[in-house]
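Below is one structure, written out as structure tokens; comments come after it.
The figures that follow rest on heavy atoms only: side chains count, while hydrogens, waters and symmetry mates do not. As the structure is a computational prediction, the values presented were derived from the model and not from experiment. Indexing begins at 1, ligand by ligand and atom by atom, following the structure's order.
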Amino acid sequence: MTEARETITEAKAVAHNDMANAIRALAMDAVQAAKSGHPGMPMGMADVATVLFREALRFDAADPSWPNRDRFVLSAGHGSMLLYSLLYLTGYPGMEIGELKRFRQLGSKTAGHPEHGHAAGIETTTGPLGQGLANAVGMALSERLLNARLGDDIIDHHTYVIAGDGCLMEGISHEAISLAGHLGLGKLIVLFDDNGISIDGPTSLSVTDDQVARFKASGWNAVAIDGHDPKAISAALAKARADSSKPWLIACKTTIGFGAPTKAGKASTHGEPLGEEEIKGTREKLAWPHVPFEIPEPVLLAWRAIGQRGAKERTSWKLRLAQAGPAATAALAEPAGATRSAAVAKAIAAAKTAALADEAKRATRVWSQLALEHIVPVLPELIGGSADLTGSNGTRTKHHVPVAKGSFAGNYIHYGVREHGMAAAMNGMALSGGLIPYGGTFLVFTDYCRPSIRLSALMRQRVIYVMTHDSIGLGEDGPTHQPVEHLAALRAIPHLLVMRPAEGVETAECWEVALQHTANPSVLALSRQAVENLRKSPSDENLSAKGAYVLTEPEGGRDVTLIGTGSELALAVEAAKTLGKEGVRAAVVSMPSMELFRAQPESYRAKVLGNVPRVAVEAGVAQCWYEWLGDKGRFVGLSDFGASAPAPKLYAHFGVTADAVAEAARSLVKK
Ligand SMILES: Cc1ncc(C[n+]2csc(CCOP(=O)(O)OP(=O)(O)O)c2C)c(N)n1
């Protein structure tokens, strides 16, 4: 404690410029050493970042995952050296100077763009411009949700973002800004690096938006300041922190590559090393005589003191948490963790029992809603939502209460027609901790969420995408709304679980899988049209969790295996019956998830698929199916876009029928 107090005294003695120049030097030297990277942005935003960390950001480098820390998101992820410098200077565990020397090298913590999980303190993976800003909206929303549940003593923090021109030009920024303004997320503070430069040159080449007016129009407070004036930065941050009525934009006028004698203010500093000569000149101009990667002790100590600034607050927070009792601690621990597992298992069992007893034909989106009716009451950390398709997606249950500006005790988000913003916000919510977000839209619009779905998978976050209207089976809305290539495209994303349940029991099982996989996002692909329940006998085991299983096995051995997913599993069942009458013995395999099946032991996979010819049926493209069909297998599906017509007519028109499945099987068995 005494040591910390001493260093804090020293911190005050070190001039702002020296503190900021430490960032500039580390950034330019690391980029030079790596022979690649982006020095301009960190050099330009060093003043803003210094004031933010020195005065405003509540954090304790010794405990990077302290739940009530302020979040800092570097949305302009190409400026990663800004973040790495700050993590090193403030003393985050594991971020040694060697990591900065190994910037962008294999196995280092300092990847080209900040990768969540590579180093403590990287709140989210950024690089695809605009994503960080939209993640931050989810983090700020999470903060309000947890605040409403746990109170000011436990969760009450800010979320800060550094965003560049690029982030604000991206379409996703519109969705994110609009949603944050609508919900009045007043603890969100965006620092805009208004340097007027992007890769092609001055931003005037491509954009003339008045950002301050734009943010104000979306319900934000917005001010413009000189981003190199520490007093102005300090005053703006203080004002923004004091007024949480609306989110804040602080537009910081900066010079990209600040300090570089001939290149400052030019696009050439954006994404390439400055070069030895320019670096020499920068050292002179900034009066920074130190050799690369050397930070003079007083400056480093001052930065380290900043890293300890929050220690006292964290300690008293821990006491408050202990006083709040075990429920508060559990709420901030792993969502749906040990304390919930028995209740969730019971809820899933109840949903399965109800589905087994239900003789009605229902869409799997309805089965999903019915499963949620059981799950939601026992899982308060589950936060539902939809991008304006609540009724269609079946995402809202009778246990849901919508969230609104100033009213965050609810558990359902009306994201509006903002699919991309929804997906990115859900990433931010999952990253924040304590909550499990799920959100719905039509499967075809996974295209509108795809960059964020990819990041859910890259960051290994448990985000659940409820994607309904999953095939031509949606009918009359026509080919714009009918996914054809989407299942294949989603299955191509590593670590993403794509699950397409066929009926009621499977849908409940797939929800269980999605909740249990803490390090995977899931897509639940659900039908618009009603399907028959095909699982007739109760099973305590979650068969869908194996990815594929034998639904029906003919007596006396198999001649052929018919594989189906989702609404087309019923076609395989019907085809098997037809074939049976002809003396062809067909087994039916349900394959709700290729990823889960791939993870099974080889022996299980061999048993399920059988050493016989195979036919698969799915109302989508063939891609990825031949992994299961082999050279000799046949696929019954689509090879073109759909059409507008009633669903049964479309299935007949495109030849996705039980007859086609039976015919494909006959042709293989005959050979
Ligand atoms: C979605 C996306 N598109 C394109 C890029 C490639 N890119 C990286 S930085 C950048 C320009 C960003 O300009 P700005 O935000 O002004 O950054 P600055 O030049 O100030 O560093 C581009 C196009 C990207 N990273 N993400």
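Considering backbone and side-chain N/O of His270, one or more are found under 3.5 Å from N/O of ligand 1. For ligand 1, one of its N or O atoms has an N or O atom of Ile197 under 3.5 Å away.
Considering all non-hydrogen atoms of both residues, Val484 and Gly642 come closest at CG2-N, 4.1 Å. Considering all non-hydrogen atoms of both residues, Asn221 and Ser245 come closest at ND2-OG, 3.9 Å. Annotation for Val137 and Leu185: closest pair O-CD1, 3.6 Å, computed over non-hydrogen atoms.
For His174, the NE2 atom sits in a loose shell: 12 or fewer heavy atoms of surrounding residues, nucleotides or ligands are nearer than 6.0 Å. Within 6.0 Å of the NE2 atom in His182, the count of heavy atoms belonging to other residues, nucleotides or ligands does not exceed 12.
When only non-hydrogen protein atoms are considered, atom 23 (C) of ligand 1 lies nearest to Ile199 CD1, 3.7 Å. Ranking the protein heavy atoms by distance from atom 25 (N) of ligand 1 puts Gly127 O, 2.8 Å first. Among protein heavy atoms, atom 1 (C) of ligand 1 sits closest to Glu170 OE2, 3.1 Å. Protein heavy atom in closest approach to atom 14 (P) of ligand 1: Gly166 N, 3.5 Å. Among protein heavy atoms, atom 26 (N) of ligand 1 sits closest to Leu129 N, 3.1 Å.
Nearest-heavy-atom check against atom 20 (O) of ligand 1 across Asn195, Thr126, Asp193 picks out Asn195.
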Residue pair Asp470, Arg500: steps toward the salt bridge (Lys or Arg N to Asp or Glu O under 4.0 Å) verdict: CA-CA 9 Å; Asp470 70 350; Arg500 189 168 186 248; 2.9 Å; yes
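Contact between Pro128 and ligand 1 is present, with at least one heavy atom of the residue lying under 4.0 Å from the ligand. Ligand 1 is never approached by Ala76 to a heavy-atom distance shorter than 4.0 Å. At least one heavy atom of His78 sits under 4.0 Å from some atom of ligand 1.
Taking a cut-off of under 4.0 Å to the non-hydrogen atoms of Gly164, the atoms of ligand 1 that pass are 15 (O). Close approach to Ser198 involves these atoms of ligand 1, each under 4.0 Å from a residue heavy atom: 13 (O), 16 (O), 19 (O). Close contacts between ligand 1 and Asp165 involve ligand atoms 14 (P), 15 (O), 16 (O) [criterion: under 4.0 Å to a heavy atom]. Contact atoms of ligand 1 toward Met41: 21 (O) (distance under 4.0 Å to a heavy atom of the residue). The distance from ligand 1 to the heavy atoms of Ile256 drops below 4.0 Å at these ligand atoms: 18 (P), 19 (O), 20 (O), 21 (O).
Of the charged side-chain nitrogens involved, none lies within less than 4.0 Å of a carboxylate oxygen, so that Lys216 and Asp210 do not count as a salt-bridged pair. Under 4.0 Å is where a charged nitrogen must lie from a carboxylate oxygen, and between Glu96 and Lys101 no such pair does. Salt bridge annotation for Lys253-Asp194: present, with a cationic side-chain nitrogen under 4.0 angstrom from a carboxylate oxygen. Salt bridge annotation for Arg24-Asp47: present, with a cationic side-chain nitrogen under 4.0 angstrom from a carboxylate oxygen.
Checking side-chain atoms of Thr90 against main-chain N and O of Leu86 turns up a donor-acceptor pair under 3.5 Å.
Neither the backbone nor the side chain of His38 has any atom closer than 4.0 Å to an atom of ligand 1 (non-hydrogen atoms only).
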